[in-house]
Protein chains: 2
Amino acid sequence: MLSTAHTAHSAFAPMATMKPQLTTLDELFSTVPRESLDIGEGLFWQGDRAQHIFEISEGVLRIFKIIGDGRRVITGFLYAGDMVGLSLKDVYIYSAEAVTPVKVRRVTKKNFRDALENSPELRPQLFALMCDEMAAAQDQMVLLSRKSAEERVCSFLLLIAKRMHGDQQIGRSVQLPMSRQDMADYLGLTIETVSRTITKLVTRGVISPNGRHAFDIAKPGKLLALCGDGDSYEDAGERAVKTRQAVWPH
Amino acid sequence: MLSTAHTAHSAFAPMATMKPQLTTLDELFSTVPRESLDIGEGLFWQGDRAQHIFEISEGVLRIFKIIGDGRRVITGFLYAGDMVGLSLKDVYIYSAEAVTPVKVRRVTKKNFRDALENSPELRPQLFALMCDEMAAAQDQMVLLSRKSAEERVCSFLLLIAKRMHGDQQIGRSVQLPMSRQDMADYLGLTIETVSRTITKLVTRGVISPNGRHAFDIAKPGKLLALCGDGDSYEDAGERAVKTRQAVWPH
DNA sequence: ATGCGCTGTTACAAACTGTTACACGATTCA
DNA sequence: TGAATCGTGTAACAGTTTGTAACAGCGCAT
């Protein structure tokens with residue numbers, strides 16, 4: 001599969017004659033035309049032969065797995081700039097569907113491999129991407145394993161708020177293009193619990209609705225405190241949260 | 001602790017031109033001495049400066065994160081042959097402790113990077129490792145998100161049974177060197193629920209205890225049916241579910 | 001061998017989340 | 001326009017898992 005290292009010298013080859021030396025992964029995708037997906041349309045399905053790697057240039061995608069009796073788990077939402085399809089398996093082990101209208105570019109796995117072998121600058125970028133993905137997966141495991149419903153929803157709001165604003169700072173507004181069911185399947189909750197929890201946050205003035213798929217973060221500090229990623233000052237945990245619920249009537 | 005760590009690094013230090021061309025990741029570690037960890041001893045901690053990458057050559061390690069109020073999430077158990085410490089971050093984002101007596105080898109991140117750049121054969125191996133890790137993380141998300149307590153315990157038993165036998169087939173016996181608390185923190189349950197569930201499986205004759213930290217799988221088919229990875233097309237490719245007939249004639 | 005400590009097991013009540021059911025508003029289609 | 005459908009919100013009830021606590025089993029030291 002990935003063992004096609006024909007050109008062992010390429011690591012040291014200064015410049016390939018035919019192919020331009022790529023310096024970013026984006027460049028690899030930039031030459032192919034964009035494809036469009038409508039809302040709800042699938043990019044690929046769990047079990048399909050995995051032949052391409054995709055880069056999202058616009059819109060939001062959901063990545064999910066389905067187990068036997070229909071239970072669905074969304075393992076991630078992907079935004080512009082993210083890549084999807086990375087795997088050494090012959091088939092995709094998850095499905096990808098458009099949450100919003102999406103535009104993607106695709107390259108074959110072979111071309112992707114070749115580009116990596118030919119460009120030493122690309123490899124650290126891929127490594128970094130995969131490390132970030134792994135770190136995100138572990139955070140998600142923490143969320144699913146030990147966080148309460150409220151902490152999960154707050155963590156999610158913060159995650160999306162960050163992603164919408166370049167991962168650097170938390171925006172004051174959050175767009176949630178996905179359905180409540182999507183959120184529930186991502187957070188390991190039911191749709192009703194998501195709904196209840198959001199209502200509670202609105203009632204307490206932590207966030208304020210801006211239509212059904214957007215919220216303003218009225219009290220970012222409180223949202224942070226409720227997300228469960230205890231910043232050292234918070235050491236009483238669950239009990240502290242309950243206390244606050246009682247203490248803050250408004 | 002870990003007093004033998006420093007002498008070995010110089011083995012890779014010399015000029016860039018004459019580095020041996022490695023063909024497997026194992027070889028990269030094989031020249032440095034093994035370090036020993038006692039039961040419960042930490043290899044590194046969340047927040048430590050991340051300077052090394054480790055390969056486990058013996059024993060079992062637990063990888064975990066701690067959030068604010070003391071909640072612990074074990075994100076994985078690592079066995080001989082596994083690598084740990086891969087990250088682009090400056091600090092480790094999780095901790096690693098010995099479940100059993102452990103022997104590890106370490107290389108610096110710099111040497112690791114250099115070896116990868118100099119050996120095209122190594123890169124696909126690392127890519128494969130990271131993909132496997134990612135796939136495992138997603139399976140774990142499914143488990144934590146949507147599986148019942150019983151399904152979690154059964155999945156765990158099957159996972160360990162597979163890993164103990166080279167990932168190829170499921171053994172008839174399972175060694176569980178970790179404590180019930182470790183299992184609970186890995187499965188997103190409480191220690192009591194783990195205990196109850198195991199008792200129930202024993203009562204029903206699915207497994208039979210062999211001391212407290214080992215079980216015989218009396219009804220492998222039943223265990224598979226209970227693990228929740230329904231017979232969806234997901235596993236149709238090459239996975240154990242498919243080979244169930246071959247492995248277990250009954 | 002006896003006592004102590006840790007780990008694991010079991011029982012029961014409580015809590016959180018899930019389940020079920022229905023209402024509301026927006027959109028689609030006849 | 002009006003009915004049907006979809007996504008969502010709300011409420012009462014049910015169920016699984018948890019928390020608490022007491023008890024049992026194993027290992028270890030005295």
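Lettering of chains follows the sequences in order, A, B, ..., and the numbering in each one begins at 1.
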Discussion item. Quick test of your reading: applying salt bridge (Lys or Arg N to Asp or Glu O under 4.0 Å), list the pairs with at least one residue in residues 141-158 of chain B, sequence neighbours left out, ordered by first then second residue.
Written reply: A:Arg71-B:Glu151, A:Asp185-B:Arg146, B:Lys147-B:Asp229, B:Glu150-B:Lys200, B:Glu150-B:Arg204
Sequence-distant partners of [X], side-chain hydrogen bond (donor to acceptor under 3.5 Å, both in side chains), two or more places apart:
X	result
B:Asp216	B:Asn210
A:Glu35	A:Arg106
A:Lys103	A:Ser36
B:Ser57	B:Arg34

Fill in: A:Glu41: partners by side-chain contact (heavy atoms from CB on, under 4.5 Å), with sequence neighbours left out
A:Leu37, A:Asp38
Worksheet entry | Test side-chain contact (heavy atoms from CB on, under 4.5 Å) applied to B:Pro101 - qualifying residues, sequence neighbours left out | B:Ile39
Distances under 3.5 Å between protein N/O atoms and the N/O atoms of nucleotides 17-27 of chain D, please, pair by pair.
unit_1, atom_1, unit_2, atom_2, d
D:dT17, OP1, B:Ala149, N, 3.1
D:dT18, OP2, B:Thr193, OG1, 2.3
D:dG19, O6, B:Arg196, NH1, 3.2
D:dT20, O4, B:Glu192, OE2, 3.4

Item to complete: Quick one: which residue pairs count as a ring-ring contact (aromatic ring centres under 6.0 Å, His included) with a foot in residues 179-201 of chain B, not counting sequence neighbours?
Response: B:Phe77-B:Tyr186, B:Phe156-B:Tyr186
Worksheet item: Would you say B:His213 reaches C:dG8's phosphate, i.e. side-chain N/O to OP1/OP2 under 4.0 Å?
Response: yes
Fill in: Those residues of residues 178-187 of chain A lying under 4.0 Å from DNA chain D by at least one heavy atom
A:Ser179, A:Arg180
Item to complete: Looking at every strand, decide which applies to B:Ser195 at a 4.0 Å heavy-atom threshold: base, sugar-phosphate, or nothing.
Response: base
Worksheet item: Looking just at side-chain N and O atoms, do A:Arg196 and A:Thr193 make a donor-acceptor pair shorter than 3.5 Å?
Response: yes
Fill in: Between C:dC6 (P) and B:Ile191 (CD1): distance, integer Å
14 Å
Fill in: Partners meeting ring-ring contact (aromatic ring centres under 6.0 Å, His included) with A:Tyr92 (sequence neighbours left out)
A:Phe44
Worksheet item: Between the two end axes of the helix from C:dA1-D:dT30 to C:dA30-D:dT1, each built from 5 base pairs, what angle do you get to the nearest 10°?
Response: 30°
